[in-house]
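The figures here come from the full heavy-atom set of this structure, side chains too, leaving out hydrogens, waters and symmetry mates. Residue numbers run from 1 in the order of the sequence given.
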Amino acid sequence: MARKFLYFVAVMIVLAIAALLAYRLFGTDMIRMAMVPRATFEAQAEAPRNIYARKILWLARPDKPGNPALWTPPGYAPGRPGTGAAIFFIHPTSYINRDHWNAPIDDPETNARAKLFLRGQASAFNEAGDIWAPRYRQATFGAFLTSAAESERALALAYGDVSAAFDRFLKEVGPTRPIILAGHSQGGAHLTRLLRDRIATDPKLRARIVAAYVVGWPVSRATDLPRMGLPECRTAEQTGCILSWESFAEPADPSLIVDAYDATIGFDGRPRKGTPIVCTNPMTGTADAAAPATANLGTLVPAADLATATMAVGSVPARCADRGFLLIGDGPNLGPYVLPGNNYHVYDYSLFWANVRADANRRLKAFAQ
């Protein structure tokens, strides 16, 4: 198994290098040709509302043996089980196959990659409380590279699973426990819908939200935020608010994100084109802020085999700029997965892992007072 996993990592590195070369030579059309499914969308039944009572459908939950979200780097430890907040985490895209628009929920390689994301991302919250992270029939990576109708149907199917999992999460954690919501990339996209559909429409549930971390997905201040039920976080100890950032080294070229974002319609029915994007500096916990590298409490630096990681303190600065993107200077060497345009999307949490941890703990303490 270990040898097979290392082989997979090596293949992913080669694919990443090849993708970067292809992008530089042939642009986004080549990437779309390689990743967007050509198959017809396969309609599937919605998830039964009680299906997430099955423990096997959770990648992480407090009573799951080998819970990947409990991993910590040296010098850190999870909090005491059953205390603090209940954390609902929606993992990013880990399905890259173009054979289907949605991942089979029992696909072993897809779930193995998702567990790696939980180790590097959801683990930032494990001192603040118990983490719940569902498997779901996520849309494939290529669904984000096309405007085809199949893309929307794939995302809708995935969101249905997330919504069903959230129902079970609420039942399991009870009616009074504080809640932290978090996600990344595709998980961030589903979290914006969850905020719009479930949090904005339920005052009692909204009152339990410590914070919502919508990371790696753009949130329009003008067309999305007013419909999501929570304001953006303007101060470091504010609760019941939204944090969001997308990380780029400099010189940054976010045109791929901007072009896609500007072609979409916001939650209020107006075009998102030209509207500002929510930008939280995770080192200050405030909006539109700048902070030097000395304010970075720790960047998670993965080992080559992705099995372990170390912390680099004070190595990465950050400032909100250029319409709402978070710029990090030259950018550290965290591995081969930096995307075109100096996009550190894969490392949005890793860059500020210790600061995210401190932020969640600080807001939870403020919420309890």
Side-chain contact test, heavy atoms from C-beta onward, threshold under 4.5 Å: evaluate it for I257 versus N343 and give yes or no. yes
Report the C-alpha separation of R221 and D288 in whole Å, then their side-chain angles, then the decisive distance to 0.1 Å, and conclude whether the salt bridge (Lys or Arg N to Asp or Glu O under 4.0 Å) test is met. CA-CA 12 Å; R221 280 189 173 129; D288 300 330; 2.9 Å; yes
Keeping D348 on the side-chain end and S247 on the backbone end, is there a donor-acceptor pair under 3.5 Å? yes
Which atom pair, heavy atoms only, marks the closest approach of N111 to I105? ND2-O, 3.1 Å
Are L57 and Y159 connected into the same hydrophobic cluster when the rule is that any two of I, L, V, M, F, W, Y join if their side-chain heavy atoms are below 4.5 Å apart? yes
Ring-plane angle category for W132 and F169, please: parallel below 30°, perpendicular beyond 60°, tilted otherwise. perpendicular
Is there a donor-acceptor contact under 3.5 Å linking the side chains of H100 and T140? no
Locate the shortest heavy-atom distance separating F325 from F248; write the atom from each residue and the value. CD2-CE1, 3.5 Å
One pair to check against side-chain contact (heavy atoms from CB on, under 4.5 Å): W217 and Q186. What are the steps and the verdict? CA-CA 8 Å; W217 191 262; Q186 180 172 172; over 6 Å; no
Heavy-atom pair of closest approach, residues A290 and T284: O-CG2, 4.2 Å
Does L195 reach the side chain of L230, with side-chain heavy atoms less than 4.5 Å apart? yes
What I want to find out is whether D259 reaches K273 closely enough, with some N-O distance under 4.0 Å, to be called a salt bridge. no
State yes or no: do V356 and V346 share one hydrophobic cluster built from I, L, V, M, F, W and Y residues joined by side-chain heavy-atom distances below 4.5 Å, directly or via other members? yes
Backbone N/O of L351 and side chain of T299: donor-acceptor pair under 3.5 Å: yes
Is it true that F125 and V210 fall in one hydrophobic cluster, defined by side-chain heavy atoms closer than 4.5 Å? yes
Residues C279 and G324: closest non-hydrogen pair is CB-O, 3.2 Å
I want to check something: taking the side chain as every heavy atom from C-beta on, are L70 and R119 in contact at a cut-off of under 4.5 Å? no
Please determine if R323 and D262 form a salt bridge, counting it only when a charged side-chain N lies under 4.0 Å from a carboxylate O. yes
Stepwise, does the side-chain contact (heavy atoms from CB on, under 4.5 Å) test hold for V173 with R208? CA-CA 12 Å; V173 305; R208 296 169 59 188; 3.9 Å; yes
Let me see the working for L181 and I90 under side-chain contact (heavy atoms from CB on, under 4.5 Å), right down to the final yes or no. CA-CA 8 Å; L181 302 172; I90 313 169; over 6 Å; no
Heavy-atom closest pair, residues A321 and L327: CB-CD1, 3.9 Å
Tell me, do F89 and Q121 make a side-chain contact under 4.5 Å, heavy atoms counted? yes
Applying the 4.5 Å side-chain criterion to the ILVMFWY set and letting contacts propagate, would V258 and I277 be lumped into a single cluster? yes
Would you say N355's side chain and N296's backbone share a donor-acceptor pair under 3.5 angstrom? no
Could you work out, with salt bridge (Lys or Arg N to Asp or Glu O under 4.0 Å) as the rule, every residue matching R270, not counting sequence neighbours? D268
Donor-acceptor contact present, side-chain D107 to main-chain A103, <3.5 Å: no
Please check if the number of heavy atoms outside E46 that lie under 6.0 Å from its CD is greater than 12. no
Aromatic ring proximity, centroids under 6.0 angstrom, Y213 and H184: no
For V219 and S244, the nearest pair of non-hydrogen atoms, with its separation, is CG2-OG, 4.0 Å
Please answer whether the main-chain N or O of S94 pairs with a side-chain N or O of Q138 as donor and acceptor at a distance below 3.5 Å. yes
Under the 3.5 angstrom rule, does the side chain of N126 hit a backbone N or O of A69 as a donor-acceptor pair? yes
Less than 4.0 Å between a side-chain N and a carboxylate O, is that true for R272 and D224? yes
Pair I199, L194 - check side-chain contact (heavy atoms from CB on, under 4.5 Å), show working. CA-CA 7 Å; I199 307 305; L194 202 67; 5.6 Å; no
Donor + acceptor pair across side chains of Y76, S123 (<3.5 Å): no
Not counting sequence neighbours, which residues clear salt bridge (Lys or Arg N to Asp or Glu O under 4.0 Å) with R234? List them please. E232
Just checking, any donor-acceptor pair under 3.5 angstrom between side chains of S163 and R198? yes
Please confirm whether the backbone N or O of T235 pairs with a side-chain atom of Q238, one donor and one acceptor, at under 3.5 Å? yes
Give a yes or no on whether a salt bridge exists between D130 and R177, defined as a side-chain N under 4.0 angstrom from a carboxylate O. yes
Cut-off 3.5 Å, side chains only: do Q44 and N102 have a donor facing an acceptor? no
Any ion pair linking R80 and E127 (charged N to carboxylate O, less than 4.0 Å)? no
Can you list the steps and then say if R61 with E172 is a salt bridge (Lys or Arg N to Asp or Glu O under 4.0 Å)? CA-CA 10 Å; R61 52 180 285 161; E172 293 275 359; 3.6 Å; yes
For D330, does the CG atom sit with more than 12 other heavy atoms under 6.0 Å from it, leaving out its own atoms? no
Expected output: side-chain R319 to main-chain P292 donor-acceptor under 3.5 Å: no
L205 reachable from F88 in the ILVMFWY side-chain graph, under 4.5 Å edges: yes
Side chains of I328 and F352 in contact at under 4.5 Å (non-hydrogen atoms): yes
Is the shortest side-chain N to carboxylate O distance from R362 to E237 below 4.0 Å? no
Salt bridge (Lys or Arg N to Asp or Glu O under 4.0 Å) between D202 and R206, worked out: CA-CA 6 Å; D202 188 336; R206 184 165 64 246; over 6 Å; no
May I ask you to decide if N50's main-chain N or O and D167's side chain share a donor-acceptor pair within less than 3.5 Å? no
Donor-acceptor pair, distance only, cut-off 3.5 Å: does the side chain of S220 make one with the backbone of A222? yes
Would you mind telling me which of W58, Y136, Y349 makes a ring-ring contact (aromatic ring centres under 6.0 Å, His included) with H91? Y136
Parallel, tilted or perpendicular: which one describes the rings of Y344 and Y347, with boundaries at 30° and 60°? tilted
Should L243 and D359 count as side-chain neighbours, where that means a heavy-atom distance under 4.5 Å? yes
